[in-house]
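Following: one structure in structure tokens, then a few remarks.
Protein chains get the first letters and strands the later ones, always in sequence-line order, with residue 1 at the start of each.
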Protein chains: 2
Amino acid sequence: MTNPAECNEAKDVAVEKELGNDTERLARAALSRLMEPQDAAGLALVQAAGATDALRIATGEVAAGRGLEHEITTLLADNAAGSSWAGLAAALRRWQPRLPDLAPERDLATMARLGGRLIIPGDELWPAQLADLGIQEPICLWWRGHEQPLPSVDKCIALVGSRDSTSYGAAVTGDLAYSLAQRGFTVVSGGAYGIDAHAHRAALAGGSSAVPTIAVMAGGVDRFYPSGNDDLLRTVANQGAVLAEVPPGSAPTRYRFLQRNRLIAALAAVTVVVEARWRSGALNTAHHAETLGRTVGAVPGSVHSANSAGCHRLLRDGGAVCVTDAAEVAELASPSGTALPEQHAVQASVQDGLTLEDLILLDALPLRSTTSVEKLSAVAGLGQESVRAGLGRLGLLGLAVSERGGWKRGRA
Amino acid sequence: MTNPAECNEAKDVAVEKELGNDTERLARAALSRLMEPQDAAGLALVQAAGATDALRIATGEVAAGRGLEHEITTLLADNAAGSSWAGLAAALRRWQPRLPDLAPERDLATMARLGGRLIIPGDELWPAQLADLGIQEPICLWWRGHEQPLPSVDKCIALVGSRDSTSYGAAVTGDLAYSLAQRGFTVVSGGAYGIDAHAHRAALAGGSSAVPTIAVMAGGVDRFYPSGNDDLLRTVANQGAVLAEVPPGSAPTRYRFLQRNRLIAALAAVTVVVEARWRSGALNTAHHAETLGRTVGAVPGSVHSANSAGCHRLLRDGGAVCVTDAAEVAELASPSGTALPEQHAVQASVQDGLTLEDLILLDALPLRSTTSVEKLSAVAGLGQESVRAGLGRLGLLGLAVSERGGWKRGRA
């Protein structure tokens with residue numbers, strides 16, 4: 001991480017660009033502490049003024065002109081986010097109490113110490129799919145884990161579900177995550193107990209790609225939450241990535257969980273709900289995915305299991321596709337059927353191609369004793385020529401055999 | 001049953017009408033033996049010439065004119081059923097072997113002896129919904145059971161599924177059928193082992209309406225098939241109805257099973273597949289229902305159960321609605337939401353109606369100790385006025401309480 005003071009000394013364009021980028025990086029780091037995730041006014045301010053000026057305005061260092069306030073109002077109205085907009089003055093009052101906490105250099109240093117970094121839109125490492133969030137695209141991402149390209153949307157599958165998963169949910173999640181990781185997909189989840197933990201764990205076990213799994217946290221990535229998943233999340237950081245839009249030290253509040261869910265949905269091409277109660281945070285993630293036009297999958301389960309009621313609700317409401325194995329999930333992630341599901345291991349019956357007349361004739365053929373064309377004609381209700389022609393066709397398929405001048409069922 | 005010879009003596013219009021009806025009844029009884037179910041040429045002949053003349057033509061008593069053959073060709077083409085049409089002469093040769101078996105009076109006498117009857121389109125007791133089959137409407141129905149009105153389509157639910165049902169399938173079928181019967185629905189099924197038998201049995205137990213359940217057979221209703229369900233089907237006949245389009249003595253062939261399925265689908269407003277393998281006759285019934293524009297429901301189950309694979313296939317292919325209880329099935333049968341599903345027994349959380357700001361504030365409120373408006377303002381990232389206003393709203397809901405000048409979480 002370059003020190004901005006040093007950068008001011010360099011004069012050539014590349015360094016100026018780096019400088020600009022670094023100033024913006026520091027600004028976004030600060031803004032992510034000032035504003036709650038998806039603070040509509042704040043995000044609009046950043047979009048309208050740029051991160052650096054947005055921070056100067058948000059901290060009261062410079063005043064915003066009338067034109068900017070108008071621009072924000074328009075932006076919010078265009079994004080149907082204007083309902084809670086009470087003007088920039090109100091937003092400034094909202095941010096004001098957090099001004100004393102701003103210390104972006106300290107936060108960046110913390111990340112560097114943890115072997116992590118901050119990425120911002122425009123970075124080569126920034127996940128392009130987050131742009132689909134529009135004005136809700138996060139200001140930045142705090143990333144704990146090795147520096148490596150994060151996977152594109154079509155290589156990411158989100159597996160989410162209840163914290164209090166059943167053994168059924170655990171088994172299905174394990175199968176799906178392992179098998180998806182084996183196919184080179186990155187499994188995205190929320191690092192929680194239950195389905196999330198099973199998803200991360202199995203993806204790590206099956207992982208063949210550089211980033212087998214990504215955990216998106218609701219709180220800061222400096223401390224793993226829940227603490228019972230500390231070991232797991234440490235491994236996820238080592239082998240995959242742990243991300244958050246809130247800075248180090250942030251508590252995982254309920255509100256941040258709900259906002260975090262939109263990031264899980266946006267990172268992945270498909271969000272699969274493995275187990276969820278009638279009311280469940282996983283359904284919130286599914287709704288985010290639907291809103292983004294991403295595909296939602298739901299795993300069916302027993303109608304007697306309260307932990308599948310949310311999945312069945314998604315299926316019934318029509319928004320979700322029923323998925324039962326990794327092949328079906330992979331198919332949903334492939335834009336044009338490049339990953340077709342394996343054929344189900346059920347043999348097509350040789351009888352499937354028969355015409356109705358031949359099926360009737362087949363039914364009329366005795367299994368053991370033989371019978372005559374005349375009798376078959378009466379039993380099947382078919383003319384004798386039809387019976388003879390049909391016996392020929394069935395004979396070719398091995399479905400009818402001739403013995404001592406009579407006919408019976410073949411063994412095919 | 002009036003004897004046709006006696007009727008010829010009566011001269012007034014009412015009796016002539018009865019005579020015409022009786023002649024037609026005898027003709028249809030005979031035609032149902034001459035032609036396999038859904039014999040497209042035969043059904044078109046009946047539609048074009050009427051049952052009485054159709055029988056005379058089919059038996060060779062009178063010759064068909066050129067005009068009739070043309071009319072049949074057009075009818076079949078209009079109904080996309082012309083592909084196997086090889087002309088009336090071919091059809092006559094097909095029917096010819098069965099001519100010696102025709103004995104409609106004997107068949108009607110058999111039914112009367114069994115406490116049953118024959119019904120034909122136009123009868124008051126004819127289920128009006130079968131007209132939706134168009135040219136595939138059966139020629140007649142052989143009905144074993146008490147004479148009583150059969151239910152209209154919106155009061156009929158078909159429950160179908162595997163013969164080799166699991167204990168899960170048995171339990172779900174029992175719950176659905178019992179509960180649907182209690183709500184006054186008639187449960188339609190096929191009288192087979194497994195799901196069918198569970199459906200009939202539970203409907204009989206729960207039955208509050210005149211016809212708690214209907215079994216539609218692939219073979220003649222004089223002998224119940226399978227014989228292991230003899231007692232059950234006898235009870236269905238006594239308390240509900242056992243129907244078939246084939247005459248007494250007909251064997252339940254594979255072809256007739258497939259055709260029988262269209263009757264199950266046509267009788268009911270909704271066809272629910274409770275358990276089915278990837279390939280299953282129950283899926284055939286579901287496809288008939290879809291073709292008719294009827295609603296198909298599928299019960300979800302474990303992804304590890306082969307007996308639910310067919311249900312999941314129906315859900316995934318998009319044709320079926322996920323159903324988990326009788327209320328959801330009943331809702332599908334109601335044309336305009338008259339039978340809304342009961343509210344799920346999950347309390348709406350008082351927090352559901354909160355704005356994002358109030359939710360953030362609620363998250364910031366400590367559970368045990370109290371805190372100040374200033375601290376809440378910093379923690380929540382909200383201006384102090386917003387915090388005060390929010391605390392007022394949360395206080396009204398019992399979600400925030402004030403103690404000794406500070407604020408903490410309420411117990412609501």
Side-chain angles (χ1 to χ4, degrees), chain A residues 34-36 38-39 84 90 92-98 100-101 168 171-172 251 253-256 258 277-279 299-304 308-309 311-313 315-316 318 321-325 328 344 346 349 355-357 359-360 362-364 374 377-386, chain B residues 34-36 38-39 84 90 92-98 100-101 168 171-172 251 253-256 258 277-279 299-304 308-309 311-312 315-316 318 321-325 328 344 346 349 351 355-357 359-360 362-364 374 377-386:
Chain A
L34 207 58
M35 301 164 178
E36 281 295 317
Q38 218 180 325
D39 179 321
S84 62
L92 289 172
R93 281 194 299 277
R94 186 163 74 236
W95 299 325
Q96 199 265 335
R98 285 187 179 170
D101 299 337
Y168 172 70
V172 176
T253 61
R254 188 197 329 251
Y255 173 80
R256 288 171 185 160
L258 294 175
R277 291 179 170 264
W278 186 257
R279 288 168 170 283
V299 173
S302 167
V303 300
H304 300 136
S308 287
C311 295
H312 298 153
R313 183 182 189 179
L315 289 173
R316 183 172 164 83
V321 179
C322 179
V323 289
T324 64
D325 60 26
E328 291 179 351
H344 269 251
V346 177
S349 165
T355 63
L356 287 186
E357 273 204 3
L359 200 54
I360 293 175
L362 181 66
D363 282 339
E374 294 70 33
S377 167
V379 171
L382 297 167
Q384 296 195 7
E385 305 120 84
S386 300
Chain B
L34 207 59
M35 301 162 177
E36 281 294 318
Q38 217 180 327
D39 179 323
S84 62
L92 289 172
R93 280 195 298 278
R94 186 164 75 237
W95 299 326
Q96 199 266 331
R98 285 187 179 170
D101 298 338
Y168 172 69
V172 176
T253 62
R254 189 198 328 253
Y255 174 79
R256 289 172 185 159
L258 295 175
R277 291 179 169 265
W278 186 258
R279 287 168 170 284
V299 173
S302 166
V303 301
H304 301 136
S308 288
C311 295
H312 298 153
L315 288 173
R316 185 173 162 83
V321 179
C322 179
V323 289
T324 63
D325 61 24
E328 290 179 351
H344 268 253
V346 177
S349 165
Q351 296 156 19
T355 63
L356 287 185
E357 272 203 4
L359 201 54
I360 293 175
L362 181 65
D363 282 339
E374 294 70 33
S377 168
V379 171
L382 296 168
Q384 296 195 7
E385 304 120 86
S386 299

- Note on the structure: Assert top hit (heavy-atom pairs under 4.5 Å, partner chain A, pool Ser386(B), Cys322(B), Gly383(B)) equals Cys322(B)
- Query: Is a side-chain N or O of Arg94(B) found less than 3.5 angstrom from the main chain of Gln384(A), in a donor-acceptor match?
  - Reply: no
- Item | Exercise: identify the closest heavy-atom pair between Tyr168(A) and Gly301(B) | OH-O, 3.9 Å
- Message: Suppose we screen for side chain to side chain contact (heavy atoms under 4.5 Å, CB included). Which residues come up paired with Ala171(B), at least two apart in sequence or across chains?
- Response: His304(A)
- Query: In Å and rounded to the nearest 0.5 Å, what is the OH to CD1 distance from Tyr255(B) to Ile360(A)?
  - Reply: 4.0 Å
- Query: Considering all heavy atoms of both residues, which atom of Leu362(A) and which atom of Arg254(B) are nearest to each other, and what is their separation?
  - Reply: CD2-NH2, 4.0 Å
- Query: What part of Ala90(A) is in contact with chain B, defined as an atom under 4.5 angstrom from a non-hydrogen atom: side chain, backbone, both or neither?
  - Reply: neither
- Message: Using every non-hydrogen atom in the two residues, find where Val379(B) and Glu36(A) come nearest and quote the distance to one decimal.
- Response: O-OE2, 4.4 Å
- Message: Nearest 0.5 Å, please: how far is CG in Leu315(A) from NE2 in His312(B)?
- Response: 8.5 Å
- Note on the structure: Counting heavy-atom pairs under 4.5 Å with chain A, the top scorer among Pro97(B), Ala364(B), Ser308(B), Pro100(B) is Pro97(B)
- Determine the minimum heavy-atom distance between Leu258(B) and Leu359(A), stating which atoms define it. CD1-CD2, 3.6 Å
- In terms of heavy-atom proximity below 4.5 Å to chain B, should Ser377(A) be classed as side chain, backbone, both, or neither? both
- Item | Nearest heavy atoms of Val303(A) and Val299(B), plus distance in Å | CG1-CG1, 3.8 Å
- Query: Does Glu385(A) have any side chain to side chain contact (heavy atoms under 4.5 Å, CB included) partners at least two apart in sequence or in another chain, and if so, which?
  - Reply: Arg93(B)
- Nearest heavy-atom approach of Arg98(B) to Ala378(A) is NE-O, 2.9 Å
